[in-house]
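None of these values were measured; they are calculated from a predicted model. All values below were derived from every heavy atom in this structure, side-chain atoms included, with hydrogens, water molecules and symmetry-related copies excluded. Numbered from 1 within each chain, the chains take letters A, B, ... in sequence-line order.
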Protein chains: 2
Amino acid sequence: MVSSLEIENRSLHDQVVSKVRDLIIEGILEPGSRIDEADLIQKLGVSRTPFREALRTLAAEGLVIVRPSRGSTVRKLTTEDVFSMLEVLGHLEQLAGELACQRASDQDIAELVDLHNRMMTRYAARDRMPYYKMNQEFHSRLTALSQNQPLQEMQANLQARLKRIRYIGNEKPEYWAGAVADHEAMVAALKERDGPRLGQAMATHIKNTWERVKDSL
Amino acid sequence: MVSSLEIENRSLHDQVVSKVRDLIIEGILEPGSRIDEADLIQKLGVSRTPFREALRTLAAEGLVIVRPSRGSTVRKLTTEDVFSMLEVLGHLEQLAGELACQRASDQDIAELVDLHNRMMTRYAARDRMPYYKMNQEFHSRLTALSQNQPLQEMQANLQARLKRIRYIGNEKPEYWAGAVADHEAMVAALKERDGPRLGQAMATHIKNTWERVKDSL
DNA sequence: ATCATGTATTTTGTATACAAATAGAAAGTA
DNA sequence: TACTTTCTATTTGTATACAAAATACATGAT
């Protein structure tokens, strides 16, 4: 009898990829900075071969830039990059919202509403970090309800790449309040399974996100 | 004086990636089949290290599956994969169409209309392969007019992965005629810069693509 | 001082060697 | 015969060594 069917196959490659990805997303490796191979393989305790394979994966994900013969750097997003990515993300989440209304079970929706309510509790207490994390999860899980795997993957990729930038968006109290209002509208539409309205609400939410972050870039 | 600023930096990695990608897209490496490392590195004349790095890139693009300790295979798309990917592609091209109407220059549009006209000449002569290639180019170039880089990348990725499948869609004469009608509608909207209508036309076109290919899967 | 040129050092890229894991074949057992 | 079990051959994964390129530095000319 096997206890965990979940954790199977965490290859070294996957481990290195997710560790380095985290270092980038958390900002420990700064955008634009050189990736010091010698230093990192030492810290991670792996050799160059798997590390370099991991860099290729991260480059394909858009987190790392590999310039031939001159090493790798953490990809730095321009203002235009962020705008473009949010434009696409908003549109993808619009689709996700519409599909979720068609395909999610009542229980799926109830669980998401519950997550939303817990988020609102955090907002009431102005616990910024827990709210932020729940927010990421809310978007991921709503997208998952679309039952569309490629859509989920693309949403996850964009969300990861924009993670640090979006944290900025809740800095000003009035911005945070705006994001909360967006979420209320989204959840109201979701409860009624009004796909077009939820789609619109999600697209609007991402458009507003741009308004909330653009001046900090 | 330098004559080509374009071709710079075709690293070995990039070359191997595009060669293997082509082998997969052309169907020379069959979906589901094992990728014989020894055989391919011999044919490509490279060693295992750069070849395996290329596999990681292709895996991140979704063309290859790497199962730890049991090698790589060409990713085989399920019917559901194709449906999901077309669902997303249609939605992305809808966005691309809307943005193109807002952002493209008159000349950009004229050039695309010209490509369309050349396509129609091919259709009149029932030259299937040239039509097919021009069709791929039409979708790529229309997407490029969105001036949104991540959108282009995602469209290109989905289009590449679906390339072989979509070729099927023009097999029946009435299906081909349907695709041509879709394109006429798209070009009409583009000429008038009617973004919402073009977006709708593109989304519809991809939905119809699904109807045209689904029974062959 | 500035710039160019040449040299040393470091970093990156690729091949290969070795270790580990897997799949396949052969032999044994029920 | 079906089912293990063991052994072997092959394939895969990782480390390392060597080659090639780029960068940093020093020297000398203008």
*Could you go through the side chain to side chain donor-acceptor pair (under 3.5 Å) check for Arg161(B) and Asn157(B) one step at a time?*
CA-CA 6 Å; Arg161(B) 290 163 69 184; Asn157(B) 176 262; 3.2 Å; yes
Atom CG of Leu40(B) and atom P of dT12(D) are separated, to the nearest Å, by 11 Å
note: Leu55(A), atom CG; dT11(C), atom P; distance rounded to Å ~ 15 Å
From CD1 of Ile35(A) across to P of dT12(C) the rounded distance in Å is 10 Å
*asked:* For the residue pair Arg166(A) and Tyr132(A), would you count it as a cation-pi contact if the rule is NZ or CZ under 6.0 angstrom from the ring centre and within 45 degrees of the ring axis?
replied: no
Atom CZ of Arg56(B) and atom P of dT14(D) are separated, to the nearest Å, by 8 Å
Atom CG of Leu12(B) and atom P of dA20(D) are separated, to the nearest Å, by 14 Å
For dA15(D) and Ser47(A) - does any side-chain N or O of the residue sit under 4.0 Å from the phosphate oxygens OP1/OP2?
yes
With the side chain defined as heavy atoms from C-beta on, Glu37(A) is closest, among dT12(C), dT14(D), dT11(D), to dT12(C)
Whole-Å distance, Asp14(A) CG to dT14(D) P, equals 10 Å
Identify whether the distance between the nearest side-chain nitrogen and carboxylate oxygen of Glu87(B) and Lys207(B) falls below 4.0 Å. no
From CG of Asp36(A) across to P of dT23(D) the rounded distance in Å is 15 Å
To the nearest angstrom, the CZ-P distance between Arg34(B) and dT11(D) comes to 7 Å
For residues 19-35 of chain B, the side chain to side chain donor-acceptor pair (under 3.5 Å) pairs (sequence neighbours left out) are Arg21(B)-Glu61(B)
A correct 5'-to-3' footprint of nucleotides 18-25 of chain C, with B, S and - meaning base, sugar-phosphate only and no protein heavy atom under 4.0 Å, is ---SSS--
Next on the checklist: Less than 6.0 angstrom from the centroid, inside 45 degrees of the normal: does Arg118(B) satisfy that with respect to the ring of Tyr123(B)?
Outcome noted: no
_So for atom CD, which belongs to Gln42(A), do other residues, nucleotides or ligands contribute more than 12 heavy atoms lying within a distance under 6.0 Å?_
no
